[in-house]
Number of protein chains: 4
Amino acid sequence: MEYTDKQERILDAAADLFARQPFHKVLLSDVARTAAVGKGTLYLYFNSKEDLYFAVLYREFDNLLTRLKGIAADPALAPDAQLSAIVGELARHFLKKAANMDMQGVVLTCPSTDDWRLRRAELLALIEAIIRRGVAMGMFHDQDPRLTAKYIPGLLRGACHFEPQDTDIEAVSRHAASFVLQGLAGKD
Amino acid sequence: MEYTDKQERILDAAADLFARQPFHKVLLSDVARTAAVGKGTLYLYFNSKEDLYFAVLYREFDNLLTRLKGIAADPALAPDAQLSAIVGELARHFLKKAANMDMQGVVLTCPSTDDWRLRRAELLALIEAIIRRGVAMGMFHDQDPRLTAKYIPGLLRGACHFEPQDTDIEAVSRHAASFVLQGLAGKD
Amino acid sequence: MEYTDKQERILDAAADLFARQPFHKVLLSDVARTAAVGKGTLYLYFNSKEDLYFAVLYREFDNLLTRLKGIAADPALAPDAQLSAIVGELARHFLKKAANMDMQGVVLTCPSTDDWRLRRAELLALIEAIIRRGVAMGMFHDQDPRLTAKYIPGLLRGACHFEPQDTDIEAVSRHAASFVLQGLAGKD
Amino acid sequence: MEYTDKQERILDAAADLFARQPFHKVLLSDVARTAAVGKGTLYLYFNSKEDLYFAVLYREFDNLLTRLKGIAADPALAPDAQLSAIVGELARHFLKKAANMDMQGVVLTCPSTDDWRLRRAELLALIEAIIRRGVAMGMFHDQDPRLTAKYIPGLLRGACHFEPQDTDIEAVSRHAASFVLQGLAGKD
DNA sequence: CATGAATGAGTATTCATTCAT
DNA sequence: AATGAATGAATACTCATTCAT
């Protein structure tokens, strides 16, 4: 599809540039050149620079969420295996793309759009549900699964955010999963 | 001291404004007005808008680090108590000040200045040392204290970053401390 | 040609304004308004205010040089007639345009560029060649035509530079030509 | 005298800096530092930057004028010797100091102050008077000594203005004097 | 007299956005 | 649909000048 193709090219270009520089240093003319489209074309697909910026973040986040939903929906996996898999995905996410992105600058108030709130809520709810299932099965012990759900992405962000080149995904995934499961295992 | 006073006023004003708006929406003229100094005066103390921005972040971070060092140096506290105290400080940090700040955006490549690297390294080393001490005392079990040290700030960031108004510091602190200690307790 | 047209309009506007006021009193916004273009458009054609300034001087000088080359290349004119014609052109040049320009301010060190050095060298070489031809023909006598070539523009600058309104071009041209030819005539 | 000393130091510093850079690139703080006085001190002796600038030009010009008056008043010199001496002074003037000065830019409308007009008029009148005396003695022939007087400074400016390092004052003085005298000698 | 920290009016420059082609 | 030349609102930064010490 011609339309989608062009839109994708723009998003790819923007993702690349926003990952390297903060918002206000990325020029739309650079985005256009990188995407090999005219400057005006950007406005056929996105209403403003901010729009484009959030479209990039959104796509990234959406991809992640889709993968996590797949894991959460897999009936073959026990809660601990699901959590381990999610930890792995999050590690990959933060390490590969969002890492730079986040670090370099969520420049604008991540829009209080319902879209975003809902998206984030979905992510947390998904993790929370797994924890609750584990608790119900007597596998986990947690007084506040809602809170614990918030720890997990943050924890991996902390692990992967800096010095990404020195980070071994597999090692981090394994260690972090073990830490999380340990944290959920104990009688508290 | 007159000099420091003025510098402090500027930093306070800038911290306040940067906390409410993204970098490129904060006008230096607003900073000057809020600080009740002339626009040119800003440049007597900071070389550029970016400079000022990072000075704000830096001061915040520095204050946190100082408090954490106090905890780490307290001989009356066992490793678990130290970790709990640190978790509390981090919660307060992310919730109160950095919350807004961070959320709005680390706008610019957190400068690869050695200053920053060292500062962050100090923070992690401090936490890592406590974990190692706990391991040595048989109180904790951890294959990679370096990595675990990275989890802790991230974890609290995740917990406190969004919906700060709905977050109960004490509850978060207690729960997070318990989660962390649990994670370090188990035989792994 | 649309492009050239716009560039010309900008140069015309700038020439006019720079002729009336010193560099630092000419606002780019005035140039833009006078040229009936947007302020940003100036930067499509010139890199900076300085750039624009020198482009104006350069165009002026270039026009003069072109006319002088025409005179120098005219085979119908003997050296003395050529010199007289050149004196006339220089008088017109200094009186009409460059007069104000020069007086009001050669603000910036112009000569760094090779462009300028070469241009000036061309002008002098052209005059020098005519003198040498006259000397070869036994019409002039001069031990150092290179030096004499330098006198001629300066001499007319001196004559026309001040109180331009009181200056009669034709009278100056005639008198100056006569003075120069006299100076070259004698046995020295 | 302390006062005069300080004023002289400021003028020297300013002369040096204005000679190297155009008006708007010379910072008063640089002038102050070079003169080893406080920035505020400048305003004890000069009312503004422009004032200082013109004071520099004025002092330069005044020194020259004084020397020329000495020559003009010397009863031992015939008009041709006086003109030769004046040519020499002008060459030195343009070569040494004013050269740079002028070249870099008379930035501002050389103030229409009567001071300046009078000063310049004095210079020209002085030369004109010599020419007229020569004409009266039958030594020179000139239809318009007023005009010729204007040529002489300009002519030397042209000779000395560019590539000052390559210019041999003595050679220029001799050649220029000869040229001028030649120009005045002929029956026209 | 001398100072230099403080000032803020003044302006060059940038860059998201538009629209004629 | 696609373009990119043209735009001008928006803003960081400079530097002559002042005045409390």
Side-chain angles (χ1 to χ4, degrees), chain A residues 2-3 6-7 10 23-33 35-53, chain B residues 2-3 6-7 10 23-33 35-53, chain C residues 2-3 6-7 10 23-33 35-53, chain D residues 2-3 6-7 10 23-33 35-53:
Chain A
E2 178 50 6
Y3 177 90
K6 211 156 259 189
Q7 197 176 31
I10 294 169
F23 184 80
H24 80 282
K25 291 206 177 162
V26 171
L27 306 191
L28 250 14
S29 51
D30 289 339
V31 175
R33 186 163 6 83
V37 301
K39 227 181 314 181
T41 306
L42 301 180
Y43 286 83
L44 294 177
Y45 299 99
F46 306 96
N47 294 317
S48 70
K49 191 185 180 183
E50 283 197 16
D51 233 51
L52 173 59
Y53 180 77
Chain B
E2 183 45 13
Y3 178 89
K6 207 153 267 188
Q7 200 175 29
I10 294 170
F23 184 81
H24 80 284
K25 292 205 176 161
V26 171
L27 304 196
L28 251 11
S29 50
D30 290 338
V31 175
R33 185 162 7 83
V37 300
K39 224 181 314 181
T41 307
L42 301 180
Y43 288 85
L44 292 178
Y45 299 99
F46 306 96
N47 295 319
S48 68
K49 191 183 180 183
E50 283 197 15
D51 233 50
L52 174 58
Y53 181 77
Chain C
E2 181 49 9
Y3 176 89
K6 205 153 268 188
Q7 200 176 30
I10 294 170
F23 183 81
H24 80 282
K25 292 204 176 163
V26 171
L27 306 195
L28 251 11
S29 50
D30 289 339
V31 175
R33 184 159 9 82
V37 300
K39 223 180 314 181
T41 307
L42 301 179
Y43 287 84
L44 292 178
Y45 298 100
F46 306 97
N47 294 318
S48 68
K49 191 182 178 183
E50 283 197 16
D51 232 51
L52 174 59
Y53 181 75
Chain D
E2 179 48 8
Y3 178 89
K6 211 156 261 188
Q7 197 175 33
I10 294 169
F23 184 79
H24 80 283
K25 291 206 177 163
V26 171
L27 306 192
L28 250 13
S29 52
D30 288 339
V31 175
R33 185 162 5 84
V37 301
K39 227 181 313 181
T41 306
L42 301 179
Y43 288 83
L44 294 176
Y45 299 97
F46 306 96
N47 295 317
S48 69
K49 189 183 179 184
E50 284 197 15
D51 231 51
L52 174 58
Y53 180 76

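To find a chain, count down the sequence lines: A is the first, B the second, and so on, and within it residues start at 1.
- If you take CG of D51(B) and C1' of dC13(F), they are 13 Å apart, rounded to a whole angstrom.
- What separates CD1 of I10(D) from C1' of dA2(E) is a distance of 11 Å, to the nearest Å.
- Side-chain N/O atoms of K6(B) include one lying less than 4.0 angstrom from OP1 or OP2 on dA6(E).
- In this pair, H24(C) and F23(D) present their aromatic rings tilted. The plane angle is within the 30 to 60° band.
- Mapping T41(C) and Y43(B) onto DNA chain F via the closest heavy atom, the residue that lands nearer the 5' end is T41(C).
- K6(A) contributes no side-chain N or O that, together with a main-chain N or O of A35(A), makes up a donor-acceptor pair within less than 3.5 Å.
- Looking at heavy atoms from C-beta onward, Y43(C) lies in side-chain contact with L28(C) at the 4.5 angstrom threshold.
- Between D30(A) and R33(A) there is a side-chain heavy-atom pair separated by less than 4.5 Å.
- For the pair S29(C) and G40(A), nearest-nucleotide mapping onto DNA chain E gives the more 5' position to S29(C).
- Of the two residues contacting DNA chain F, namely K39(B) and L28(D), the nearest-nucleotide position lying further toward the 5' end is that of K39(B).
- L44(B) has its CG atom 12 Å from the C1' atom of dC13(F), to the nearest Å.
- Dashed line: the shortest gap from a side-chain N or O of Y45(B) to OP1 or OP2 of dA6(E) is under 4.0 Å.
- Across all strands shown, dT7(F) forms a Watson-Crick or G-U wobble pair, both distances under 3.5 Å, with dA16(E).
- Taking for each of V37(B) and V26(C) the nucleotide of DNA chain E with the nearest heavy atom, the 5'-most of the two is the partner of V37(B).
- Within the 3.5 Å criterion, the main-chain N or O of V31(C) finds no donor-acceptor partner in the side chain of K39(C).
- For the pair K49(C) and dA12(E), the criterion of a side-chain N or O lying under 4.0 Å from OP1 or OP2 is met.
- Judged by Watson-Crick or G-U wobble contacts below 3.5 Å, the nucleotide dC13(F) has dG10(E) as its partner.
- Rounded to a whole Å, the CZ atom of F46(B) is 18 Å from the C1' atom of dT14(F).
- Computed from coordinates, the L27(B) CG to dA10(F) C1' distance equals 9 Å when rounded to whole Å.
- dT21(F) and dA2(E) make up a base pair, with Watson-Crick or G-U wobble contacts both under 3.5 Å.
- Atom CG of L42(D) is separated from atom P of dC15(F) by 15 Å (rounded to the nearest Å).
- Protein atom CD of Q7(A) is 14 Å distant from nucleotide atom C1' of dA1(F), rounded to whole Å.
- Atom NZ in K25(D) sits about 14 Å away from atom P in dA16(F), given to the nearest Å.
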